[in-house]
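Structure first, commentary second.
A note on names: the letters A, B, ... follow the listed sequences, proteins ahead of strands, and every chain is numbered from 1. Computed from a predicted structure; not experimentally measured. Computed from heavy atoms alone, side chains included, the values below leave out hydrogens, waters and symmetry copies.
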There are 2 protein chains.
Amino acid sequence: MNVMLDTDGKETSATHTAYLKLRELILTGELPAGQKLKIEQLRKLLQTGASPVREALSLLTSDMLVERLDQRGFRAAPVGKANFEEILLLRCNLEEIALRASIDNADSEWEDRLVLRHHHMNRASQQKAADFEDAHKAFHMALLDNAKLPMLERYCAQLYDLNIRYRYLAAGGASYQKRNIEAEHQSILDATLDRDADSATSHLIEHYRRTGEYLSSQMDG
Amino acid sequence: MNVMLDTDGKETSATHTAYLKLRELILTGELPAGQKLKIEQLRKLLQTGASPVREALSLLTSDMLVERLDQRGFRAAPVGKANFEEILLLRCNLEEIALRASIDNADSEWEDRLVLRHHHMNRASQQKAADFEDAHKAFHMALLDNAKLPMLERYCAQLYDLNIRYRYLAAGGASYQKRNIEAEHQSILDATLDRDADSATSHLIEHYRRTGEYLSSQMDG
DNA sequence: CCGTTAAAAAATATCGATATTATTTGACAT
DNA sequence: ATGTCAAATAATATCGATATTTTTTAACGG
């Protein structure tokens with residue numbers, strides 16, 4: 001049938017598009033945490049076959065966005081304060097390691113990339129929330145991607161996504177609260193460009209802890 | 001056909017058994033690193049259908065034991081010194097966090113479990129290598145499982161498995177070299193039961209580093 | 001002889017249908 | 001009423017077949 005016929009847009013497979021869409025639905029909370037995910041229901045929602053849906057759910061399981069129950073199908077991963085705090089803890093620890101390693105490998109090419117991403121993020125801050133989300137992630141990942149530690153990067157990216165989910169949960173999606181996030185990003189960037197690992201990591205961790213405390217305060221037990 | 005008819009042995013689905021078997025084959029090196037994994041080939045090898053094989057491979061992708069290539073199927077994840085050293089680095093960092101958290105939550109029930117697992121491991125050391133492998137993992141995971149940090153535990157378990165692969169690679173599988181591993185385990189256990197987190201973690205990390213240096217020395221570029 | 005392109009072969013990705021569980025419903029006995 | 005068990009229903013897991021790529025092979029021209 002109409003499988004995979006795009007003019008030529010990178011990766012196009014029914015599985016991959018289903019994966020991206022489902023992920024978005026879960027991150028934004030349109031598929032609420034804990035909800036049973038029935039194949040048929042998703043198949044109709046995404047206008048695709050059962051196999052791609054199954055496989056996409058399988059992939060989301062590794063991202064810890066979906067849980068698989070014995071022989072009883074899938075459900076959106078539940079959320080909770082303990083889970084949120086574990087994510088925060090792991091992010092602080094893992095990103096510190098990654099940022100230090102990135103700074104150890106610092107070169108001008110990487111620094112250029114950082115400056116660019118930072119600029120794009122600030123640009124996007126005036127635009128749609130989704131655009132800023134992407135640019136924000138791109139900046140944070142760029143901070144880590146010079147470590148040349150692919151598994152660590154993967155963990156950090158996973159945890160980043162899991163965290164997004166709590167932001168959408170805390171506020172309909174729109175609200176990045178008005179703390180001076182821009183200044184915090186600037187401090188992280190400056191310290192990194194100075195190759196001052198201690199300063200950069202402490203700014204980064206502080207950045208996460210503040211956001212964390214804000215979100216954590218909004219959650220119950 | 002003969003699907004899922006076992007007298008009653010826990011989890012039995014074609015996918016799950018395929019997952020376990022494939023995992024074993026990759027860990028032991030019977031499916032060599034980097035090798036193309038063709039569905040048909042595995043389907044015949046495991047005596048099952050194509051769907052379970054596909055899904056098992058998908059799951060192994062999240063364990064980083066299998067890589068997925070665009071539209072070109074799967075292959076056993078490649079190995080290399082850089083990868084090995086990243087695993088070692090992450091294990092040292094993550095397990096330290098987990099062990100400290102476990103000790104923070106220490107209670108006598110957990111301590112009993114540790115002592116038992118340690119005993120079983122020593123018992124198993126005289127038996128088949130595969131049995132010791134299991135008991136060894138069980139002991140190490142028990143050290144971490146009192147942290148009540150499920151994601152962290154999952155990462156540690158994943159990394160543990162990835163490391164096994166390098167042991168099989170370095171030596172046909174039989175050789176745990178004769179360093180005094182027993183004494184090292186005893187030191188870790190003793191310090192943990194004393195609730196001395198600094199000592200326990202440094203013994204643990206030293207334990208990994210020694211094994212790591214040994215294996216690393218056996219590898220090229 | 002080598003590189004380019006077209007046809008053939010192989011392998012993956014996807015679909016639709018079936019077999020196998022889980023879950024719900026409702027009858028029956030306590 | 002209430003709890004248990006069996007039939008009916010719904011959902012998952014698996015199979016077999018088809019469509020779509022990717023890879024290989026071979027032909028052709030430079």
Practice task
Return the set of residues passing salt bridge (Lys or Arg N to Asp or Glu O under 4.0 Å) with A:D63 (not counting sequence neighbours), or none when no residue passes.
Solution key: none
Only distances under 3.5 Å count here; give the side-chain donor-acceptor pairs of residues 113-120 of chain B to other protein atoms, sequence neighbours excluded, each with its distance to 0.1 Å.
residue, atom, partner, partner atom, Å
B:R113, NH2, B:D145, OD1, 2.8
B:R117, NH1, B:A138, O, 3.3
B:H120, ND1, B:L116, O, 3.4

Practice task
Using whole Å, report how far CD of B:Q71 lies from C1' of D:dA19.
Solution key: 13 Å
Exercise for the section: Would you mind checking if A:R68 and B:E55 are paired as a salt bridge, meaning a charged N to carboxylate O distance below 4.0 Å? Expected result: yes
Problem - Residue whose closest nucleotide on DNA chain D lies nearer the 5' end, A:G73 versus A:S51 - result: A:G73
Exercise for the section: Could you check which of C:dA13, D:dC15, C:dT14 has an atom nearest any side-chain atom of B:F74? Expected result: C:dA13
Problem - Whole angstrom value for the distance that separates P of D:dT14 from CG of B:L46 - result: 13 Å
Exercise for the section: Please list, chain by chain and in numerical order, all residues satisfying salt bridge (Lys or Arg N to Asp or Glu O under 4.0 Å) with A:E153, sequence neighbours excluded. Expected result: none
Completion exercise
B:E55 atom CD is separated from D:dT12 atom P, nearest whole Å, by 12 Å
Practice task
Sequence neighbours left out, what passes ring pair (Phe, Tyr, Trp, His ring centres under 6.0 Å) with B:Y19? Give chain and number order.
Solution key: none
Exercise for the section: Could you work out which one of C:dT14, D:dT14, C:dA22 sits closest to the side chain of B:S13? Expected result: D:dT14
Exercise for the section: Would you kindly give the CZ-to-P distance between A:R54 and D:dC15, to the nearest whole Å? Expected result: 12 Å
Practice task
Kindly point out which of D:dT14, C:dA22, D:dA13 is positioned nearest to the side chain of A:R72?
Solution key: C:dA22
Exercise for the section: To the nearest Å, give me how far apart NE2 (B:H16) and P (D:dA13) are. Expected result: 12 Å
Fill in the blank from the handout: Rounded to whole Å, the CZ-C1' distance (B:R68 to C:dA11) equals 14 Å
Practice task
Output yes when B:E40 and B:R43 qualify as a salt bridge under the 4.0 Å nitrogen-oxygen rule, no when they do not.
Solution key: yes
Exercise for the section: Residues of residues 36-44 of chain B with any non-hydrogen atom less than 4.0 angstrom from an atom of DNA chain C: list those, numerically ordered, please. Expected result: B:K36, B:L37, B:K38, B:I39
Problem - Atom-pair distance (CG on B:L59; P on D:dA13), nearest Å - result: 11 Å
Exercise for the section: Considering just the side-chain nitrogens and oxygens of B:T15, establish if one lies under 4.0 Å of OP1 or OP2 belonging to D:dT14. Expected result: yes
Handout entry: Non-neighbouring partners of B:Q41 that pass side chain to side chain contact (heavy atoms under 4.5 Å, CB included), sequence neighbours left out
Key = B:L31, B:Q35, B:K38
Handout entry: Between C:dA22 (C1') and A:L69 (CG): distance, integer Å
Key = 12 Å
